[in-house]
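One structure is given below, encoded as structure tokens.
We use all heavy atoms of the structure for the numbers below, so side chains are in, but hydrogens, waters and symmetry mates are not. All chains are named by letter (A, B, ...) in the order of the sequence lines, taking the proteins before the strands, and each is independently numbered beginning at 1. Owing to the predicted nature of the structure, the values given are computational and were not obtained by experimental measurement.
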There are 2 protein chains.
Amino acid sequence: MGEERAEVLKGTLDMLILKIAALGPIHGYGIAQRMQQISRDFFQLQQGSLYPALHRLADRGWLKAEWRVTETGREGKFYSLTPKGRKQLESEIENWERLTGAVALILQTAE
Amino acid sequence: MGEERAEVLKGTLDMLILKIAALGPIHGYGIAQRMQQISRDFFQLQQGSLYPALHRLADRGWLKAEWRVTETGREGKFYSLTPKGRKQLESEIENWERLTGAVALILQTAE
DNA sequence: GAGTATAGGTAGATATTCGATGTGTTCTCA
DNA sequence: TGAGAACACATCGAATATCTACCTATACTC
């Protein structure tokens, strides 16, 4: 009980990951941590969602990956935004805003 | 090109339908029309999404259905919110707000 | 009589997220 | 020195939801 399970809204994960990556090169595990931090523990991104999403985004040419050594001395795959990825992020944010705007219109409708 | 396809965000359709039904008993076809109107043509709910969703919501006890005659003299299945459905709607709206709040935190983060 | 709008519906394809599970390394602390 | 936690990568299958495409039927318009 009291499970504050915060599932990411389907369709928004790509945008969120791209946005975090836009802050600077970061490895997968770090993305999940950062997302949790920034959202004040609201989003707890699962690894089973994270890694497939990263591969998907890389496949589409929105992220590029590079092995480097992390702050903790381990190997990590660092992702950074490609120019195409930056455009994609912009377009996803725009769409997100139009979408939440439309939802707001409906939620505000009074009986 | 220029396709302004507005797909409903997965996970929000139930909330939107419940909200429209909360405005008063309304039949399925009317829900789609109303949603399009209120959202200023942004949402164009497909029948293949609408009807399965209505059945789902009725199965869960959030909507109750009743055949009546529509304004245009046809038979229509009118849906109205049950008390359980009203609670569900409230909880979905609350969740939606926490969710968009968390997304906003991430989108606002500056490099 | 043809076509459009209204009203209901199903079936299959697609996409995405999660939960469970697996590998291996480094660090901490008893 | 050894156990467990945290770090870092990953895959697989189940569950879910939405869409596209299709189907039926009635009423209205031209």
Side-chain angles (χ1 to χ4, degrees), chain A residues 3-18 20 25-37 42-60 62-63 65-79 92 95 99 103, chain B residues 3-18 25-37 42-60 62-63 65-79 92 95 99 102-103:
Chain A
E3 285 303 295
E4 288 290 351
R5 279 281 138 260
E7 196 158 315
V8 171
L9 248 192
K10 290 182 201 205
T12 61
L13 184 54
D14 289 4
M15 177 179 72
L16 296 177
I17 290 177
L18 290 175
I20 305 266
I26 185 169
H27 60 278
Y29 194 84
I31 291 177
Q33 288 183 315
R34 201 102 160 74
M35 222 165 95
Q36 186 167 344
Q37 272 171 15
F42 188 76
F43 291 129
Q44 279 153 26
L45 182 51
Q46 303 305 309
Q47 298 189 318
S49 312
L50 172 65
Y51 293 109
L54 287 172
H55 298 160
R56 192 168 65 229
L57 297 175
D59 283 350
R60 293 182 186 163
W62 297 336
L63 289 180
E66 194 188 355
W67 286 96
R68 287 198 219 161
V69 176
T70 69
E71 328 71 66
T72 63
R74 287 182 184 81
E75 287 291 310
K77 216 169 174 180
F78 281 73
Y79 290 92
E92 290 205 16
N95 191 52
L99 220 90
V103 169
Chain B
E3 285 303 296
E4 290 290 351
R5 280 278 140 262
E7 194 159 316
V8 171
L9 243 195
K10 292 181 199 204
T12 61
L13 184 55
D14 288 4
M15 177 178 72
L16 296 177
I17 290 177
L18 289 175
I26 184 169
H27 59 278
Y29 194 83
I31 290 176
Q33 288 182 315
R34 201 101 161 73
M35 221 164 94
Q36 185 166 345
Q37 274 172 13
F42 189 76
F43 291 129
Q44 279 154 25
L45 183 51
Q46 303 306 309
Q47 298 189 317
S49 311
L50 172 66
Y51 293 111
L54 287 173
H55 298 160
R56 192 168 62 230
L57 297 176
D59 282 349
R60 292 184 185 162
W62 298 336
L63 289 180
E66 194 187 355
W67 286 96
R68 288 198 217 159
V69 177
T70 69
E71 329 69 66
T72 63
R74 286 183 185 81
E75 287 290 312
K77 216 169 174 179
F78 282 73
Y79 289 93
E92 290 205 16
N95 191 51
L99 219 92
V103 169

What's the spacing between [X] [atom1] and [Y] [atom2] if we round to 0.5 Å?
X: A/Leu45; Y: A/Leu16; atom1: CG; atom2: CG; answer: 9.0 Å
X: A/Ile31; Y: A/Lys77; atom1: CD1; atom2: NZ; answer: 11.5 Å
X: A/Gln46; Y: A/Leu13; atom1: CD; atom2: CG; answer: 11.0 Å
X: B/Gln47; Y: B/Leu54; atom1: CD; atom2: CG; answer: 11.0 Å
X: A/Met35; Y: A/Gln44; atom1: CE; atom2: CD; answer: 10.0 Å

Nearest to the side chain of [X] - [options]?
X: A/Tyr51; options: D/dC9, D/dC19, C/dG9; answer: D/dC9
X: A/Tyr29; options: D/dA10, C/dA7, D/dC7; answer: D/dC7
X: B/Pro52; options: D/dC9, C/dT10, C/dA7; answer: C/dT10

Specify the closest pair of heavy atoms between [X] and [Y], including all atoms of both residues, with the distance to one decimal.
X: A/Phe42; Y: B/Ala102; result: CD2-CB, 3.4 Å
X: B/Leu18; Y: B/Leu63; result: CD2-CD2, 3.9 Å
X: B/Ile17; Y: B/Ala53; result: CD1-CB, 3.7 Å

Phosphate oxygens OP1/OP2 of [N]: is one of them under 4.0 Å from a side-chain N or O of [X]?
X: B/Thr70; N: C/dA7; value: yes
X: B/Gln46; N: D/dT18; value: no
X: A/Gln33; N: D/dC7; value: yes
X: B/His55; N: C/dT10; value: yes

Could I get a table of every N or O pair under 3.5 Å where one atom is in the protein and the other is in nucleotides 26-30 of chain D?
residue, atom, partner, partner atom, Å
D/dT26, O2, B/Arg74, NE, 3.3
D/dA27, O4', B/Arg74, NH2, 3.3

* Mutual orientation of the aromatic rings belonging to B/His55 and B/Tyr51 [parallel < 30°, tilted 30-60°, perpendicular > 60°] ->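 It falls in the tilted class, 30° to 60°.
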For [X] and [N], what is the distance between atoms [atom1] and [atom2] respectively, to the nearest whole Å?
X: B/Phe78; N: C/dG8; atom1: CZ; atom2: P; answer: 8 Å
X: B/Trp67; N: C/dG8; atom1: CH2; atom2: P; answer: 6 Å
X: A/Leu45; N: D/dA8; atom1: CG; atom2: P; answer: 15 Å
X: B/Leu57; N: D/dT16; atom1: CG; atom2: P; answer: 14 Å
X: B/Met15; N: D/dT16; atom1: CE; atom2: C1'; answer: 17 Å
X: A/Ile31; N: D/dA8; atom1: CD1; atom2: C1'; answer: 12 Å
X: A/Glu75; N: C/dT26; atom1: CD; atom2: P; answer: 10 Å
X: B/Arg34; N: C/dA7; atom1: CZ; atom2: C1'; answer: 18 Å

Considering every strand and a 4.0 Å limit on heavy-atom distances, what is the contact class for [X]: base, sugar-phosphate, or nothing?
X: B/Gln47; answer: base
X: A/Glu71; answer: nothing
X: A/Gly76; answer: sugar-phosphate

Pairs under 3.5 Å (N/O, protein and nucleotides 13-16 of chain C):
none

* Enclosure of B/Arg56 CZ (heavy-atom neighbours >12, cutoff 6.0 Å) ->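 More than 12 within 6.0 Å, yes.
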